[in-house]
Amino acid sequence: MRKDAGGDDMGFEPEIVAFLCNWCAYAGADMAGTSRLKYPANVVPIKVMCSGRVDPEFVLEAFEKGADGVFIGGCHPGDCHYVNGNIRTRRRVEMLKKLLEQMGINPRRLRLEWVSATEGAKFARVIKEFVEEIKELGPSPLRRK
Amino acid sequence: MKKKIAMYWGAGCGGCDVSLLGIHEKLLELLDDIEIVFWPCATDFKYEDLEKMPDKSIDIAFYNGAIRTSENEEIAKLLRKKSKILVAYGSCAIEGCIIGLANLYDREDIFRAVYLENETTPNKEKIVPGSRDKEEELELPEFLPHLKVLSDVVEVDAVIPGCPPTKPVLAEALEALLSGKTEFGKSVALCDECPRKDTKPEKIEIDRFYRWHEKQDDGKCFLAQGIICMGPATLAGCGGECIAANIPCTGCMGPPPKVRNQGAAMLSAIASLLGEMDEEKEKEVIESIRDMVGTFYKYTTAKLLPKGRVKDES
Amino acid sequence: MAKRIGVFICHCGVNIAGVVDVEKVAEELRKYPGVVFATTYQYMCSDPGQNLIRQKIEEENLDAVVVAACSPSMHEETFRNVCKDYFNPQRCEMANIREQCSWVHEKEEATEKAIKIVKATVEKLKGNEDLTPIYVPVEKKCLVIGGGIAGIQAALDIADAGYEVILVEKEPSIGGRMAQLSETFPTLDCSQCILTPKMVAVSRHPKIKLMAYSEVIDISGYVGNFDVKILKKPRYVDEDACTVCGDCEKACPVIVPNEFDMEKKPRKAIFIPFPQAVPSTYTIDREACLGLAPLTCAECREACEADAINYDMQPQIVEEKVGAIIVATGYDLYDKSNLVEYGYGEDDDIITSLEFERMLSASGPTGGNIIKPSTGETPKKIVFVQCAGSRDKQHMPYCSSICCMYTAKHALLYKHHVPDGEAYVFYIDIRATGKDYEEFINNVMEEERINYIRGKVAKIFREGDKVVVWGVDTLTGKKVEIKADLVVLAMAIVGRKETKEIAQLLKVATGVGGFLKESHPKLKPVEALSRGIYFAGCSQAPKDIPATVAQASAAASKVLALFAKDKLEKDPMVAVVDEEHCSGCGVCVSVCPYGAMQRQPNGKAKCIEALCEGCGTCAAACPSNNIEMRNYRDEQIEKMIEVII
Amino acid sequence: MKVSIDPITRLEGHGKIEIFLDEKGNVEKAYMQIPELRGFEMFCRGRKAEDMPIITARICGVCPEAHHMAAAKALDDAFNVEPPETAKLLRELLYNAYMFYDHCLHLYYLGGIDVLLGDVPKEERNVIGLIKKFGMEIGKEVVKHRRYAMEIVKMLGGREIHPVAAVPGGVSKGIGEDERKEIEEKAKSCIEFAKTSLSIFKEVFESKRWNELLGLDSLQTYYMGLVDKNNHVNYYDGDIRIVTPSGKEFAKIKAKDILNHIEEHVEEWTYVKFPYLKKVGWKGFVDGEKSGIYRVGPLARLNAADGMNTKEAMKEFEEFKKDGVVHETFAFYHARLIEMLNAAERMYDLARHNAITGTDIRAMPNEPDEGIGVVEAARGVLIHHYKLNSHGIVEEANLIVATTNNNAAINMSVANAAKKVIKKGKVDDIILNKVESAFRCYDPCLACASHALGDTPLVVNIYRGNKLYKRLEKNV
């Protein structure tokens, strides 16, 4: 079972929300599956049509509810199914990171990655990296005990 | 039958009380239909008097100011107990207002800034208030580790937004409350009544930000000028006083009904309005905002950080 | 709002059940609020599996279903089809516990995650509303803007298919650039001769309403339902009455340069731009005419026996409703006054390619003779400069794509006119990608002995009666100096300023060079981002006549596809604005890439469902949280977050 | 002697007076505590410079204009920009309107009640009581003219409370002829009202009760105030003049040099610090030439100046200072009335200034640096000091507010008054009100002082032996 915040990090299993865009990142995650590429199960996906749908309020809410990390996956710049939703997301994330820093939350807990429908391997890799990074950062101070 | 009214002033600037005096003659007229049973600022009553009152004996209690000391909290609970309708009056009570910015720092930081690292304060003995005075052993009440808002402590029936509530807002609110209504005020954002409403271009594209002291104002929609204006994420009702004075809205009315996180809502809008530019320029432009909390949460930091600054040791 | 949800968990053989403890998932979900039934099965997508769902929907009288199996991209349609016999397909959601769970995780953790995924899906499902496709009526009439070869071709294709077309041209005659050309590469047939029949066909076509000397001044609405306002400028000549006898022209005392001839030939204030003009009628140039307010001259009216001239003609605004719009506004040449290094092209003997085209034209200013403008003599030495303003960071970065070909044509025609003349061509490199183009170029180089010099011209300046051209031959590395009689600049092609104006009316973007931005450079080259708007010809990018005609027909076929149905069917997962609480801040209007968010007269935003693609960027941007995405509402996503954390 | 403060007491925030009686029941010592703090110095750090006039206004809702203006002036200095003439006139006009209504508030709603009503039962010690005694008419006049002044503030500052219009380099909003005329008329009416007020209070000043009040407390301190080039009182701008207890000029300095002349002393028992004159030094709670303690506010301004910048007020000034420096703490009231008249007259003069309707109201700032802004708040010298980084972000903010400047003097006044009135442990509400009224003379704004407020309900704890002997509450 999960350890409480401050509990020894050996047993610490991060809880991470992942917002995946329908056309690239979500398909990329499927591709990771069809290629049977193992990655940690700490990340639970929420499918949205476009990464541009991800309202900064969702991200802050996830942290408020105690998420140890938030992941956003979108199409590569230029490939957005909706022209430039991913670019708007990139700008929102850039601003959010600065906000998180001021709030005292490590901005590394928020990660944006471009994953195309064919990049199953990349999806598995970045999730693995992210989970490791969060483990290293330890539990979010806002975690519900 | 006169309505029994109470007004208490917590950790705030007093502007809310002045705003109530601010309705001037109207206040004198009101004295016919209301009876002020508790208003430490303008009349002379003790807290004991309040404790003695039977529960729910006050018709409408206004609490203004934030909750900074345990005393504030006690009074809030007492007022809740004694009144039928408890109203959060003004930005401090509703969302912490400017002084909520204190939640970005620890009590220790504040003491250091005021008493120890202050150029006009030599203070060689490194004295900090509250530490015991050998001679007299006077004690000071404790300064809570972080600032709270009224709804953190008790249930609130109605809110009168603004820092402080402006005449039109106040007039409507008082009339509604005296006739027993707890729902009143506008439910759209400021742009709806903005004096510069008609100067909005079809599409707004921001290529760089200007701070309002940096640019000769051309009288058009501030966002269209690249000047951050909180209007779109701020409740209407004030009539856009600041904008009429050529200063962009800073958000003191708090968010419109469906928005819980005023800052995030505006941050998202601003990020979305940036024009075509490469990633490098993008970073630079965003960097130029400098102070996210101070810009987007000027009046709602206490809501963003209800338990004070997060301590992410990592 | 679903109250009796059934959850069907697929084993997918061992694919899921081999890793995920499906029974535990079912057991967990049975306890979950809103779920009244949960079971597992070998293969849900199999017929027995589908029947199981049907059977349980009836027995348990379920009002919504979650199928926890593979990725929705595999079987969402399958299961929604099963459900649509009982309720709205939106009441069926899939939870992806294979691709994104069992195939990538180990036992316990996989089971734990699967439970979360299914619960989250249940939460989304609870918030789903029943949706039916959106139908948009389509006005089967097309507006074509621009009467060049692109506009003409598109108009004819659509009209021939039996649909009405309004063709708007701002000049007195249609024909556009092609009408100005002499002969066309690589076949050297006469431009006028192949174009004129099409122009006439347009004027005769019963389905085409030709509005020449008119301009589109306003466009509102959306795919299938555009409202356009067209300004009909007064010609002061009755198109139908005019017999083109030319008496008026003779009588007119005012002489001004003719735009059609690149201002190299005079015309009268009452004029017809070129003999084959369509519509075939005279036009009075308001600026030049002395007859219009105050009336000081009436020579033409007196001369006109047909009594076709009317000085009191007023501008007219015509309103039309159309279902589709094709923009074919063509191109302009890059202004040569930008070319500092070429003496701003101010010198009479430095001319542009189009001026040269007119010079070559039998009906042109010189009657088809090539002359040295400053003296009128025949130029013995001529220099053609390619990429004048193209492929140049200082000017236009792109390749104008047709210069190599027409320059070769120019050189060749020059040799035909002046057999003993010397012709030089400066080029960066030759691009001859079209059918028979390479052969044409080779022929010009070899047969006609044209001197092709690989290199850019550094400087052009006058020296006595010659124009000196300095360049470098990058093959030999030698400096080249040519004292020429005539220099022809193959100017870069740019979008017209009118194109920008139209683009603003249509709320579509323009890019470098002022060309229209297509929806996708490869897969949607003739479509604008907002549906119902299409591009043809050089308004979208520089291209030659064959490509232009092909694109025009492509645009036409898109319009025909749109007109083939009476109603446009559309995915209902669109944005919905709560107008009551909208403050009119305009953020969504600025953010929507499809122009689907529009500001109404009362300032409030409105979503044109026909245009909305459902990305949700507006919903995330709206600072009042007043925009909801159907079945991806904030509340649903927040509930999902709640379950996951 | 061991003192334990019971929990309820500790819950009371805001102002607190602690009086210690000896065995005979006479006052041994007394303290005035301001036990709250909001830490503006801290959270101004990291904010954008241009936000300061808006943020610091929230220090106090009673005198937001003072902080707004001090901040704006500190930014002029920090961005090294000189506001155009019209901008300066508009700021000063707004500022005098503020001075007028703030004094009005104190004279008729707060402290003035002690003077006008005297020792009446506490139920009547409020505006309502005042209206009872002087009639609804005067009540209406008071309210009307406060409204006038606030309406002028709104016209110029954009808002009635917490104005926004002052920006580095000038103001964001000018006025047209209509507004100018309206201001002129209102100012005219304010002048008349100020005169009426003077005559109302002067009746009291004739009375024997007044001499008794004057006798309650008198401190031989230094005095500090802003003066213009003629050494006349100016609230918005000028040099800082400091005079010795005997009225000799001790120093006349550029406002921006002020911080080289004062230091602040810290005591464990209050959150508010004690500024003193650096040159003279901190000698504890004593007055006289040797002690660095100085006073600010109406009395101090008049003592530190040679006159007023308007006609009628000048007459009053000469009469008031006919015998030189005035030390009686209750003389603050008289000084306040003269200033109220002066502010009204100044409004009138500025409204008639030919440049007031000019359109050149903003100069563009230069590179950000460090800046100091000094104004006279109604209660005295107010200093804002910011250090900005190259991006115009506040790196350090230091705020020395009027009431803080008076902190030491207030403590002494309270002790003196207490010693005078409390004998043999006999205390009642009337007696205590006298103690408090000594404290109220300063029109202390504990909001400003703690950069925290509350309504500053005053708690008086009297200890005898080792236990709480009597405890009373009162609102300031």
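Quantities reported herein were computed from a predicted structural model and do not represent experimental measurements. Chain naming here is simple, since letters A, B, ... match the order of the sequence lines and numbering starts at 1 in each.
For the options D/Gly158, D/Ala57, D/Ser172, heavy-atom pairs under 4.5 Å to chain B are most numerous at D/Ser172. Comparing B/Cys252, B/Ala245, B/Gly294 by heavy-atom pairs within less than 4.5 Å of chain D, the highest count is held by B/Ala245. Top candidate by heavy-atom pairs under 4.5 Å with chain B, chosen from D/His385, D/Glu396, D/Lys173, D/Lys48, is D/Lys48. Of the listed residues B/Ile243, B/Thr250, B/Thr295, B/Asn64, the one with more heavy-atom pairs under 4.5 angstrom with chain D than any other is B/Thr295. Between chain B and the options D/Ile262, D/Leu259, D/Val167, D/Asn398, the largest number of non-hydrogen pairs under 4.5 Å is found for D/Asn398. Of all the listed residues (B/Gly15, B/Ala66, B/Cys163), the one sharing the greatest number of non-hydrogen pairs under 4.5 Å with chain D is B/Cys163.
Comment: D/Arg45 does not engage D/Glu395 in a salt bridge, judged by the lack of any side-chain N to carboxylate O separation of less than 4.0 angstrom. Ion pairing of B/Arg290 with B/Glu287 is present here, as a side-chain N (NZ or NE/NH1/NH2) and a carboxylate O approach within less than 4.0 Å. Salt bridge status for D/Glu141 with D/Lys144: present, with a side-chain N to carboxylate O gap under 4.0 Å. Salt bridge present: D/Glu264 and D/Lys273 bring a charged side-chain N and a carboxylate O closer than 4.0 Å.
Contact annotation for B/Ser288: neither backbone nor side-chain heavy atoms come within less than 4.5 Å of a heavy atom of chain D. For D/Leu105, the part sitting under 4.5 Å from any heavy atom of chain B is the side chain, from C-beta outward, and nothing else. Using a 4.5 Å cut-off between heavy atoms, B/Lys298 touches chain D through its side chain atoms alone. Residue contact with chain B, scored on non-hydrogen atoms closer than 4.5 Å, is absent for D/His265. Both the backbone and the side chain of B/Gln216 come within less than 4.5 Å of a heavy atom of chain D. For a residue to count as touching a neighbouring chain, one of its non-hydrogen atoms must lie under 4.5 Å from one of that chain's; by this rule D/Phe274 does not touch chain B. For B/Ile98, the parts lying under 4.5 angstrom from a heavy atom of chain D are both the backbone and the side chain. Using a 4.5 Å cut-off between heavy atoms, D/Lys278 does not touch chain B at all.
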| Stepwise ring pair (Phe, Tyr, Trp, His ring centres under 6.0 Å) test for D/Tyr101 and D/His145 | CA-CA 8 Å; D/Tyr101 87 65; D/His145 288 91; over 10 Å; no
| Criterion side chain to side chain contact (heavy atoms under 4.5 Å, CB included) on D/Val171 and D/Leu156, from CA distance to verdict | CA-CA 9 Å; D/Val171 291; D/Leu156 300 163; over 6 Å; no
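If you check the side chains of B/Tyr210 and B/Gln225, you find no donor sitting under 3.5 Å from an acceptor. Defined by atom type and a distance below 3.5 Å, a donor-acceptor pair is present between the side-chain atoms of B/Arg196 and B/Asn246.
Residue D/Val394 comes nearest to D/Ala49 through the heavy atom pair CG2-CA, 4.1 Å, listed as atom of the first residue, atom of the second, then distance.
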